[in-house]
Amino acid sequence: MSTAFGDWDGSIVEARRMQERLAAEVSLRDDVRETPRWLAGFDVGFEDEGATTRAAAILLAADTLQPVASEIVRMPTSMPYVPGLLSFRELPALVAVLARLPHPPDLAFVDGQGIAHPRRLGIAAHFGVATGLPSIGVAKNVLCGKHEAPGPSAGEHTPLVHRGDHIGWVLRSKPRCNPLIVSPGHRVSMQGALDRVLRTLRGYRLPEPTRLADRLASRRG
DNA sequence: GCGACAG
DNA sequence: ATCTTGTCGC
């Protein structure tokens with residue numbers, strides 16, 4: 001079976017039902033230790049005009065934010081990009097690259113939304129539920145929800161609200177730069193997600209785990 | 001009905 | 001996401 005979804009033989013309706021079921025497994029209780037030891041950043045890029053999916057992972061010491069290991073995994077792209085269903089396209093590669101790290105992190109920063117998603121299961125939340133790891137979503141754009149613009153100074157933030165729910169934060173991570181969309185993935189609270197991102201900013205728009213994973217996935221690092 | 005729409 | 005150098009502005 002293959003129609004508007006290319007090679008993917010599933011259905012949009014089925015995928016959404018799966019998201020609703022998995023979203024019920026998401027925990028917003030903060031399980032991250034006060035001083036985690038290892039952090040990791042994850043991101044996905046594409047090669048061969050999209051035919052190849054490339055996932056990158058970077059493991060770093062939480063205290064110094066210095067990278068200690070990095071891995072890249074390539075596999076055939078299985079599905080086209082469909083807003084709201086991003087994880088079905090990118091999650092397999094992320095799980096594979098996680099397995100290649102010397103050991104799992106105490107907290108994972110995933111490029112994309114956490115619960116700031118129509119059905120509260122963005123790729124960072126899906127990644128958390130699938131792996132059991134605490135996770136945070138760090139996106140460059142809004143998928144859903146409304147918000148006021150945060151002030152001009154680094155650290156200023158406003159809540160992102162969708163259908164009456166507080167689903168994340170719009171954070172000015174760096175002056176004169178577009179804000180980031182931060183939301184809990186799994187086993188991290190709303191406040192915890194914001195705090196963790198603020199603590200890993202180092203003068204760039206993206207928090208260190210995400211910045212390093214980004215440059216690897218985009219064939220720069 | 002129309003527009004928006006992570007990567 | 002990706003095609004791509006220099007350039008304008010703070």
Side-chain angles (χ1 to χ4, degrees), chain A residues 4-8 12 15-16 18-19 22-23 26 41-57 72-97 108-130 135-147 151-154 160-163 165 167-186 193 197 203-207 209-211 213-221:
Chain A
F5 269 58
D7 294 7
W8 191 47
I12 293 182
R16 288 179 179 161
M18 187 176 294
Q19 292 184 320
L22 291 174
V26 171
F42 296 86
D43 190 24
V44 171
F46 297 88
E47 302 174 351
D48 313 324
E49 303 177 342
T52 300
T53 296
R54 178 185 59 253
I72 290 181
V73 163
R74 270 170 253 262
M75 54 179 75
T77 299
S78 61
M79 222 190 87
Y81 165 66
V82 178
L85 301 182
L86 177 69
S87 64
F88 290 93
R89 171 176 161 90
E90 303 187 348
L91 191 60
L94 289 183
V95 172
V97 79
F109 288 66
V110 181
D111 189 80
Q113 315 294 348
I115 63 168
H117 176 280
R119 290 167 293 285
R120 309 294 181 263
L121 195 81
I123 190 168
H126 196 159
F127 176 91
V129 171
S135 63
I136 294 175
V138 178
K140 303 176 192 64
N141 293 289
V142 174
L143 207 210
C144 70
K146 289 187 282 190
H147 65 87
S153 303
L160 177 63
V161 179
H162 180 62
R163 297 178 183 172
D165 295 335
I167 60 175
W169 306 97
V170 179
L171 170 67
R172 185 79 65 191
S173 53
K174 180 179 179 178
R176 299 184 305 285
C177 284
N178 291 324
L180 296 180
I181 310 306
V182 177
S183 62
H186 182 49
V197 169
Y204 294 94
R205 178 161 88 122
L206 299 175
T210 305
R211 188 177 74 84
D214 245 54
R215 65 160 38 179
L216 278 183
S218 300
R219 68 158 87 262
R220 274 172 296 164

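This one's a predicted model, so the numbers in the text were calculated from it and none came from an experiment. So that the names make sense, note that chain A is the first sequence line, chain B the second, and so on, each numbered from 1.
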| field | Donor-acceptor under 3.5 Å (A:Ser87 side chain, A:Ile123 main chain) | value | no

Could you check how far [atom1] of [X] sits from [atom2] of [N], rounded to whole Å?
| X | N | atom1 | atom2 | value |
| --- | --- | --- | --- | --- |
| A:Asp214 | B:dG7 | CG | C1' | 10 Å |
| A:Asp48 | C:dT2 | CG | C1' | 12 Å |
| A:Leu216 | C:dA1 | CG | C1' | 16 Å |
| A:Lys146 | B:dC5 | NZ | C1' | 16 Å |
| A:Leu91 | B:dA6 | CG | P | 18 Å |
| A:Glu90 | C:dA1 | CD | C1' | 8 Å |
| A:Phe88 | C:dA1 | CZ | P | 21 Å |
| A:Glu49 | B:dG7 | CD | P | 22 Å |

Would you call [X] and [Y] a side-chain contact if the rule is heavy atoms closer than 4.5 Å?
| X | Y | value |
| --- | --- | --- |
| A:Lys140 | A:Asp214 | yes |
| A:Arg205 | A:Asn178 | yes |
| A:Asp43 | A:Thr210 | no |
| A:Leu143 | A:Pro118 | yes |

| message | Taking 5.5 Å and 30° as the limits, would you call A:Tyr81 and the base of B:dG7 a stacked pair? | response | yes

| said: Tell me whether the side-chain N/O atoms of A:Arg54 come closer than 4.0 Å to OP1 or OP2 in B:dG7. | reply: no

| OP1, OP2 of B:dG7 versus side-chain N and O of A:Asn141: anything below 4.0 Å? | yes

| query | What do you reckon, are the aromatic ring centroids of A:His186 and A:Phe127 less than 6.0 Å apart? | reply | no

| request: Check each residue of residues 113-129 of chain A for a non-hydrogen atom within less than 4.0 Å of any atom in DNA chain B, then write out the ones that pass by number, or none. | output: A:Gln113, A:His117, A:Gly122, A:Ile123

| task | Look at all strands and tell whether A:Phe46 reaches a base, only sugar-phosphate, or nothing, counting heavy atoms closer than 4.0 Å. | result | sugar-phosphate

| request: Using a heavy-atom cut-off of under 4.0 Å over every strand shown, decide if A:Gly84 touches base, sugar-phosphate, or nothing. | output: base

| Mind checking what makes side-chain contact (heavy atoms from CB on, under 4.5 Å) contact with A:Ala56, not counting sequence neighbours? | A:Ile72, A:Leu216, A:Ala217

| task | Drop me the distance from A:Arg176's CZ to A:Ser153's OG, to the nearest 0.5 angstrom. | result | 10.5 Å

| task | Enter the distance from A:Arg172:CZ to A:Cys177:SG here, rounded to the nearest 0.5 Å. | result | 8.5 Å

| query | Any idea which of B:dC5, C:dT2, B:dG7 is nearest the A:Arg89 side chain? | reply | B:dG7

| field | Annotated protein contacts, base or backbone, on nucleotides 4-10 of chain C with a non-hydrogen cut-off under 4.0 Å, one of B, S, - each | value | ------B

